[in-house]
Undergrad: 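Sharing a structure with you now.
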Amino acid sequence: MAVEKGSFEVKVGLAEMLKGGVIMDVTTAEQAKIAEDAGAVAVMALERIPADIRKDGGIARMSNPEIIRAIQKAVSIPVMAKCRIGHFAEAQILEALEVDFIDESEVLTPADEENHIYKHDFKVPFVCGARDLGEALRRVGEGAALIRTKGEAGSGNIVEAVRHMRSIQSAIHGLTVLDRTQLMADSKQLGAPFTLVEQVAKIGKLPVPNFSAGGIATPADAALMMQLGAQAVFVGSGIFKSEDPAARAQAIVEATTYYNDPEKLAHISAGLKAAMRGLDMSEIPPEERLQERGW
Amino acid sequence: MVAIIGVLALQGDFTRHEEMLRSLGYKVRAVRYPTELEDLAGLIIPGGESTTISKQLDAGGLREGILALSRTRPVMGTCAGLILMARMSSDTRVNSLSLLDVAVSRNGWGRQVHSFTTSITMQANRHQDTIPAVFIRAPRIEDVGPEVEVLARIGDEPVLVRQGFHLGATFHPELTQNALVHELFLSALPI
């Protein structure tokens, strides 16, 4: 009886299990426990959350392994961690730590300005950000088992997440109505592998699950992204930068399940304290926008 | 009247179960509210995060309804679903339904890098079939009670169990194209 580990099927399998859930950024074991108790399906172990990375400046790198280990010890749900774009050595270290998912993330300072990691080389699954269909399919081509729209991390502003989700969804819809003879030209225009373009045209969705990230701060934000087609949400700064992390975390978990039920959402949203302050896009100069990172 | 099969849709890969059931010609209902449990011929609790589903199940007031349904209708759980159907354990993060007299340890095979695919032999209703099985951060069944039949194993370890008309799998038949486990579950439906 042959046993196969680290196959693409097994990687996408974990992404399937996270659907309908909330993945929360945490920086300590205590925060990880709050997230697990609130019903998070996974946590992202970080040294600093995106809002602080944005504020502090400097080079943002993979988290200290001690932080990751402490968080792995504290919770029973999957633990994810971020590595820099193209930094395959950081990814190797995260794999050695047995994190459950690696986020090759634009939130950290890129290590390679041309290439992303060749993710098929790893046993651990990768999630990558994307702003449009071409970027999403390039990442899947490199081996990503899960795509998340980038949004604008640490902004508390949902506008970019919406833009990216709409962009991906409408491009997918466009492919499904094209004549087969037009797909190569589209593949060229998207900068995406032809076989993946062909597959998307046929199945009408990405070849891997598609989640949303970057700006979700309220239960309504989570419901909005789910209604726009996200299959789960990542919440970064939105929880632990708010005034009531535990209650807000639980409310966002419920909103992600009952995203189509306005009455329930009204009930869930009532009584929460202030959300994170957030930034208008005009307050973030183009050169400081994290979403521009990735190629 | 066509039988409607419910799939608990609080979190997890419930759409994969829905697709499998539809491909077998069944009507399917995603269940998020207690009223949606009415008139079901059977219920599937999907894979996902057992801690999340457990909390949502109580927050959504679904526990009593599922227990009531389970007295007369078959319930199947895969992975997290099996954890929710197993005996109560010392792990307070999951408040299980105790529909199957088995003890499970969550993530018994380890973290995601240890997740695997293999093929297993399923023995049920005088048939023997080899089926593909996908194990994702899967639980391990550590003890089975006297009323529990073991339908498939890896080595000595049970991975598919049946008690009365309830089924539990530590793997994910819904992630494959093979419908035999679902067909076995459906064969227990009241006619």
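Because the structure is predicted, anything quoted here is derived from the model rather than measured. In what follows, chains are A, B, ... by sequence order, proteins preceding strands, each numbered from 1.
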Undergrad: Could you please state which residues from residues 82-109 of chain B sit under 4.5 angstrom from chain A, measuring non-hydrogen atom to non-hydrogen atom, sorted by number, or 'none'?
TA: Arg93(B), Arg106(B), Asn107(B)
Undergrad: Need one label for Val113(B): side chain, backbone, both or neither, based on atoms under 4.5 Å from any heavy atom in chain A.
TA: both
Undergrad: Heavy-atom count check: over 12 atoms from other residues, nucleotides or ligands less than 6.0 Å from Arg69(A) CZ?
TA: no
Undergrad: Find the one option among Lys123(A), Gln250(A), Glu98(A) whose heavy-atom pairs under 4.5 Å with chain B are most numerous.
TA: Glu98(A)
Undergrad: Quick one: of Val253(A), Val22(A), Thr257(A), who has the most non-hydrogen atom pairs under 4.5 Å with chain B?
TA: Thr257(A)
Undergrad: Once rounded to the nearest 0.5 Å, what's the spacing between atom CD of Glu4(A) and atom CZ of Phe135(B)?
TA: 14.0 Å
Undergrad: Sort out for me which of Ser7(A), Pro209(A), Pro125(A) touches chain B most, counting heavy-atom pairs under 4.5 Å.
TA: Pro125(A)
Undergrad: Counting heavy-atom pairs closer than 4.5 Å to chain B, which one of Ala38(A), Gly6(A), Ser76(A) comes out on top?
TA: Ser76(A)
Undergrad: Just verifying a value: how many Å separate Lys5(A) NZ and His114(B) NE2, rounded to the nearest 0.5 Å?
TA: 5.5 Å
Undergrad: Counting heavy-atom pairs under 4.5 Å to chain B, which of Glu9(A), Gln72(A), Lys264(A) comes out on top?
TA: Gln72(A)
Undergrad: Please report the interatomic distance CE(Met17(A)) to OG(Ser115(B)), rounded to the nearest 0.5 Å.
TA: 9.5 Å
Undergrad: Considering only heavy atoms, give the residues of residues 46-80 of chain B separated from chain A by less than 4.5 Å, sorted numerically, with 'none' for an empty result.
TA: Gly47(B), Gly48(B), Glu49(B), Thr51(B), Thr52(B), Lys55(B), Gln56(B), Ala59(B), Gly60(B)
Undergrad: Side chain, backbone, both or neither: which part of Leu18(A) has an atom under 4.5 Å from a heavy atom of chain B?
TA: backbone
Undergrad: Report yes or no: does Gln112(B) contribute a side-chain atom to a donor-acceptor pair with the main-chain N or O of Val10(A) at less than 3.5 Å?
TA: yes
Undergrad: May I ask you to name which of Ile136(B), Thr15(B), Thr130(B), Thr117(B) has the most heavy-atom pairs under 4.5 Å with chain A?
TA: Thr117(B)
Undergrad: Are more than 12 heavy atoms from other residues, nucleotides or ligands located less than 6.0 Å from atom CZ of Phe88(A)?
TA: no
Undergrad: At under 4.5 Å between heavy atoms, what parts of residues 156-188 of chain B are in contact with chain A? List them by residue number.
TA: His172(B), Glu174(B), Leu175(B)
Undergrad: If you round to the nearest 0.5 Å, how far is CG of Asp13(B) from NZ of Lys19(A)?
TA: 7.5 Å
Undergrad: Has His120(A) got more than 12 heavy atoms of other residues, nucleotides or ligands less than 6.0 Å from its NE2?
TA: yes
Undergrad: Quick check for you: among Thr256(A), Val124(A), Asp37(A), which has the greatest number of heavy-atom pairs under 4.5 Å with chain B?
TA: Asp37(A)
Undergrad: Just checking heavy atoms, which of residues 220-239 of chain A are less than 4.5 Å from chain B?
TA: none
Undergrad: Mark yes or no for whether Tyr258(A), through its side chain, and Arg32(B), through its backbone, hold a donor-acceptor pair below 3.5 Å.
TA: yes
